[in-house]
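See below for the structure under consideration.
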Amino acid sequence: MPELPEVETIKLGLSKKIINKKITDIVVYNKKSFQGNKSDVLQQRVIDVERRAKILRIILENSHSLLFHLKMTGQLIYIDRNKRVAGGHPSHDWHDKLPNKHTRVQFTFDNGAGLFFNDLRKFGWCKVMNQEEVEKSFGLFGPEPFSNDFNLKYLLDKAKRYPARTIKQFLMDQTVVAGIGNIYNDEALFLSKIYPKTKVSKLTSHEWQKIITNVRKVLTKGIKYGGTTDSDYVDADGKSGGMQNHLNVYHKTGEKCQSGCGGIIERIVIGGRGTYFCPNCQKEKI
DNA sequence: CGACGGGCCTGACAGC
DNA sequence: TGCTGTCAGGCCCGTC
């Protein structure tokens, strides 16, 4: 599931490839996957590529934007079929295989390259928005985890508003903090040694401080390793990430805790979401 | 073959 | 009444 590090990785890859290129064609294979007017996008040059929360934004010269939410199974793969690279093309595996049956929207650029929006589950979307609409929708998100606005005072304040929530649900809420999903949530709580069902009203300032530090730590590590590939996630070159080899708890039910504490990782459900933790390191508050 | 998962939105509902 | 917070259900389809 693409979370902040995965979308950031795609952004870094895509910006190297599509800035200054003009979109010359759009093919929509699944109507619900593309919302808005093609005419606002066609023949427009890409000015920049950004990320806000888990949303990827391609900014065009006419100030319209293409926004993508990949939800769980979305992919954005860029392929330049004209490019010949010694030793093989980085996206060689995908080269002659796109579009495939999961391709929902296909963009073509003025250099002949293609950008393929694939999405097995069809939960993801691509929306065309003008400047005002983008600002409005981005304004609904909480602070970015790396911004100064994500601080102790802010969190204590928010926690007061939602005292009954568990810390797991609290961090998943995109209006509280933007970009955290199931994987990095569990990993950050593990590093913070906090039981995921702990009510936010019970957390101390020291614990909140640990949460801030460790949220940033796991997201930074995720970006460093190019994201987590659990099932479908690939970067803009179609390559898998590497962070799945550096996780402590996510999808590790029954395995020994990496800390060496002797605990066995457990899975519970919080707010309908699978949650992984070490019952030894992350003790329930009594 | 049916159950399941999962981010996010919507609508229903509870509480003050 | 009206606002706010919480929760269940729906969207999908490959995997188990």
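So that the names make sense, note that chain A is the first sequence line, chain B the second, and so on, each numbered from 1. FYI, side chains are in, hydrogens and waters are out, and symmetry mates aren't considered; it's all heavy atoms of this structure.
We find that OH of A:Tyr184 is positioned 13 Å from P of B:dG7, with the value rounded to whole Å. Atom CD of A:Gln75 and atom P of C:dG14 are 13 Å apart (whole Å). Taking atom CD1 of residue A:Ile270 and atom P of nucleotide B:dG6, one finds them 13 Å apart after rounding to whole Å. Nucleotide C:dC12 holds its C1' atom 4 Å from the CZ atom of A:Phe123, rounded to whole Å. The interatomic distance linking A:Leu171 (CG) with B:dC8 (C1') rounds to 17 Å, in whole Å. Atom CD1 in A:Ile180 sits about 11 Å away from atom P in B:dC8, given to the nearest Å. Spacing between atom CD of A:Glu3 and atom P of B:dG7 amounts to 7 Å, rounded to whole angstrom units. As rounded to whole Å, 7 Å separates atom P of B:dC9 from atom NZ of A:Lys127.
Each of A:Arg121 and A:Phe141 has a nearest nucleotide on DNA chain B; the 5'-most of these lies closest to A:Arg121.
Dashed line: the shortest gap from a side-chain N or O of A:Arg273 to OP1 or OP2 of B:dG7 is under 4.0 Å. When the side-chain nitrogen and oxygen atoms of A:Lys101 are compared with OP1 and OP2 of C:dC13, none of them lie within a distance under 4.0 Å. Within the structure, every side-chain polar atom (N or O) of A:His69 is placed at least 4.0 Å from both OP1 and OP2 of B:dG7. For C:dT4, neither phosphate oxygen OP1 nor OP2 lies less than 4.0 angstrom from any side-chain nitrogen or oxygen of A:Arg161. Between A:Arg165 and C:dT6 there is a side-chain N or O to OP1 or OP2 distance below 4.0 Å. One finds no side-chain N or O of A:Lys71 lying less than 4.0 angstrom from the OP1 or OP2 phosphate oxygen of B:dG6.
Residue contacts for A:Asn182: at a heavy-atom cut-off of 4.0 Å it reaches the sugar-phosphate backbone alone, with no base atom in range. Residue contacts for A:Gly274: at a heavy-atom cut-off of 4.0 Å it reaches the sugar-phosphate backbone alone, with no base atom in range. Among the heavy atoms of the strands lying under 4.0 Å from A:Met1 are primed sugar atoms or P, OP1, OP2 only; no base atom is included.
Under a 4.0 Å N-O distance rule, the pair A:Asp110/A:Arg45 qualifies as a salt bridge.
Taking the side chain of A:Gln174 as heavy atoms from C-beta on, and the options B:dC8, B:dG6, C:dT6, the nearest nucleotide is B:dC8. The nucleotide whose nearest atom lies closest to any side-chain atom of A:Leu120 is, among C:dC12, C:dG14, C:dT6, C:dG14. The side chain of A:His102 sits closest to C:dG14 out of B:dG7, B:dG6, C:dG14. The side chain of A:Tyr162 lies closest to C:dG5 when the candidates are C:dC12, B:dG7, C:dG5.
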Could you walk me through whether A:Thr9 and A:Asp235 pass side chain to side chain donor-acceptor pair (under 3.5 Å), step by step? CA-CA 6 Å; A:Thr9 301; A:Asp235 67 13; over 6 Å; no
With side chain to side chain contact (heavy atoms under 4.5 Å, CB included) as the test, would you mind laying out the steps for A:Glu266 and A:Phe277 before giving the verdict? CA-CA 6 Å; A:Glu266 284 181 20; A:Phe277 73 106; 3.7 Å; yes
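By the 30° and 60° cut-offs, the orientation of the rings of A:Phe34 relative to A:Phe107 is tilted. Relative orientation of the A:Phe109 and A:Tyr78 rings is tilted, given thresholds of 30° and 60° on the angle between their planes.
Under a cutoff of 6.0 Å and an axis angle of 45°, A:Arg165 and A:Tyr162 form a cation-pi pair.
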